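Take a look at the structure set out below.
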Protein chains: 2
Amino acid sequence: MPQRPARIGFLLAQLGAHAADIFAEQTRSLGITPSEAGVIRIVARNPGISQRALADRLGAVQSRVVTLVDRLESAGLVSRTRSESDRRMQLLALTNAGESMLGGLRQAAEEQEKQLTSGFTEEQKTALFELLSALGAARGLDAEVHPGYRS
Amino acid sequence: MPQRPARIGFLLAQLGAHAADIFAEQTRSLGITPSEAGVIRIVARNPGISQRALADRLGAVQSRVVTLVDRLESAGLVSRTRSESDRRMQLLALTNAGESMLGGLRQAAEEQEKQLTSGFTEEQKTALFELLSALGAARGLDAEVHPGYRS
DNA sequence: TATTGTTATACTCTATAACTATA
DNA sequence: TATAGTTATAGAGTATAACAATA
């Protein structure tokens, strides 16, 4: 039996949704959705990734990735290139505009962080960061993506 | 300029989605959705609440609440009663079955908490709980509900 | 005229299944 | 025959707008 009522799970879900909302507001002003931002982040760190591998990474189905990449390609942010060695594969990369967008996303993340932790001291921020990192590692979460890839 | 890259926001969104997923798995076995669980929790703590007030509390539109309450009423968990003093209002309350479901939800929350924090010491759990509570309070979040009312 | 609740409808997100091209 | 990607389609969740009853 726990010493206190279960609250960590609720607070995480609540604050997680709140953090995602703030980030969504930021990305909206950049003209993309949080899901698309998640794709940009993965492609940036894994240039030449196939749509198949991206789908596995996101925990999404292939058709979902097609839709997401379609939009990003139309927006000129991501390029598809047929692999020479295996012409079934589309290799993904950021365009120059995509790299600029990545910079915008980094700023959006900084802004989100600032809004979120504005009332906290540096000590509190450090303590919270370390506890959340430890929890993420303990739960086996991918440091580049999260279920729902909302931010 | 922050001393570290923005990560608290990402970790919160990631872990929040993860916590919500665990809770959703629990509620599924109870036959309800996380949104419905959110309604049950609010009605339990605010018996006789109107649909209008519930909508405001959830940050949802009235038609959304109609849909949610329709399902819960069909399932026999929530009752609607016309207010005597203002016959426009439907007053909501939990049925006996709704009270039982509330008990099940409490167990689900305990199970979520256990899964989530299994690798942590009591000291870590306490520290994390206090930091998250402080952050929730600083951000002005309602202790009974959260945006998206996912858990 | 304003408010509570309801219904009708549409839009977004996401998944499943069938299909094409390549291996 | 198996795999990467695509297209067609459908379902869930949620919102907007029009409407009914009551104040």
Side-chain angles (χ1 to χ4, degrees), chain A residues 17 20-21 23-24 27-28 31-39 42-43 46 48-75 78-93 145-151, chain B residues 17 20-21 23-25 27-28 31-39 43 46 48-75 78-93 145-151:
Chain A
D21 284 348
F23 188 73
T27 60
R28 186 147 18 93
I32 63 173
T33 67
S35 300
E36 291 161 0
V39 171
I42 305 284
V43 172
N46 304 273
I49 192 173
S50 70
Q51 293 186 188
R52 188 22 149 167
L54 178 59
D56 289 344
R57 199 69 188 275
L58 292 172
V61 295
Q62 285 175 303
S63 65
R64 170 73 179 133
V65 169
V66 171
T67 306
L68 285 168
V69 174
D70 278 352
R71 281 203 291 233
L72 291 168
E73 194 182 34
S74 310
V78 164
S79 65
R80 282 174 161 121
T81 312
R82 282 277 164 202
S83 165
E84 288 301 320
S85 58
D86 182 342
R87 299 193 52 74
R88 289 174 301 182
M89 287 199 281
Q90 296 272 35
L91 306 185
L92 305 177
V145 73
H146 64 76
Y149 32 91
R150 296 183 192 93
S151 86
Chain B
D21 285 347
F23 188 72
E25 208 176 296
T27 60
R28 187 147 18 91
I32 63 173
T33 67
S35 301
E36 292 161 358
V39 171
V43 172
N46 304 273
I49 192 173
S50 72
Q51 292 186 189
R52 189 16 149 171
L54 178 60
D56 289 343
R57 198 69 186 275
L58 293 171
V61 293
Q62 284 174 304
S63 64
R64 171 73 180 133
V65 169
V66 171
T67 305
L68 285 168
V69 174
D70 277 353
R71 281 202 292 231
L72 291 168
E73 194 183 33
S74 309
V78 165
S79 64
R80 282 173 160 123
T81 311
R82 282 278 164 201
S83 165
E84 288 300 320
S85 59
D86 183 342
R87 299 195 49 76
R88 289 174 303 183
M89 289 198 281
Q90 295 274 34
L91 307 185
L92 305 177
V145 74
H146 64 77
Y149 32 88
R150 295 184 193 91
S151 87

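Both backbone and side-chain heavy atoms feed into the values below; hydrogens, waters and symmetry mates do not. This structure is a prediction, so every number in the text was calculated from the model and none was measured. Proteins come first, then strands; the chains are lettered A, B, ... in the order of their sequence lines, and each starts at number 1.
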Task: Check: A:Arg88 main-chain N/O paired with A:Arg82 side-chain donor or acceptor under 3.5 Å - done: yes
Task: Any B:Gln90 side-chain nitrogen or oxygen under 4.0 Å from OP1 or OP2 of C:dT6 - done: yes
Open item on the list: Can you identify which nucleotide, out of C:dA15, C:dT22, C:dT4, has its nearest atom closest to the A:Ser63 side chain?
Closed with: C:dA15
TODO: Measure from CD on B:Glu73 to P on C:dG5 and round the result to the nearest Å.
DONE: 13 Å
Open item on the list: If you assign each of A:Thr33 and A:Arg87 to its closest nucleotide in DNA chain C, which residue comes earlier from the 5' end?
Closed with: A:Thr33
Open item on the list: Categorize A:Ser50 for me: base, sugar-phosphate, or nothing, with a 4.0 angstrom heavy-atom threshold over every strand shown.
Closed with: sugar-phosphate
Task: CZ on A:Arg57 to OG on A:Ser50, rounded to 0.5 Å - done: 12.0 Å
- [ ] For A:Asp70 and C:dC13, give me the distance from atom CG to atom C1', rounded to whole Å.
- [x] 15 Å
- [ ] Indicate the atoms forming the closest heavy-atom contact of A:Ile49 with A:Ala53, along with that distance.
- [x] CG1-CB, 3.6 Å
Task: Residue-phosphate contact under 4.0 Å: A:Arg82 side-chain N/O, C:dA23 OP1/OP2 - done: no
- [ ] Could you tell me the separation between the CG atom of B:Leu72 and the CZ atom of B:Arg80, rounded to the nearest 0.5 Å?
- [x] 9.5 Å
Task: side chain to side chain contact (heavy atoms under 4.5 Å, CB included) partner of A:Arg87, the single match among A:Glu84, A:Met89, A:Gln90 - done: A:Glu84
Open item on the list: Below the 4.0 Å mark, does D:dG13 have OP1 or OP2 next to a side-chain nitrogen or oxygen of B:Arg71?
Closed with: yes
- [ ] For DNA chain C, list all stems, counting runs of three or more consecutive pairs where every pair is Watson-Crick or G-U wobble with both distances under 3.5 Å.
- [x] C:1-23 with D:1-23
TODO: Name the closest nucleotide to the A:Asp86 side chain, picking from C:dA23, D:dG5, D:dT16.
DONE: C:dA23
Task: N or O in side chain of A:Arg88 less than 4.0 angstrom from D:dA4 OP1/OP2 - done: no
Task: Among C:dG5, D:dG13, D:dG5, the one nearest B:Arg52 by side-chain distance - done: C:dG5
Task: Worked check of side chain to side chain donor-acceptor pair (under 3.5 Å) between A:Thr33 and A:Ser35 - done: CA-CA 5 Å; A:Thr33 67; A:Ser35 300; 4.6 Å; no
Open item on the list: What is the separation between atom CZ on A:Arg80 and atom P on D:dA4, rounded to the nearest whole Å?
Closed with: 15 Å
Task: Gap between atoms CG and C1', on B:Leu68 and C:dT6 respectively (whole Å) - done: 14 Å
TODO: Give A:Gln62 one of three labels, base, sugar-phosphate or nothing, depending on what nucleic acid heavy atoms sit under 4.0 Å from its own.
DONE: base
Task: Note, B:Leu58 side chain near B:Val39 side chain (heavy atom, < 4.5 Å) - done: yes
TODO: Can you tell me the distance, in whole Å, between the CE atom of B:Met89 and the C1' atom of C:dT6?
DONE: 17 Å
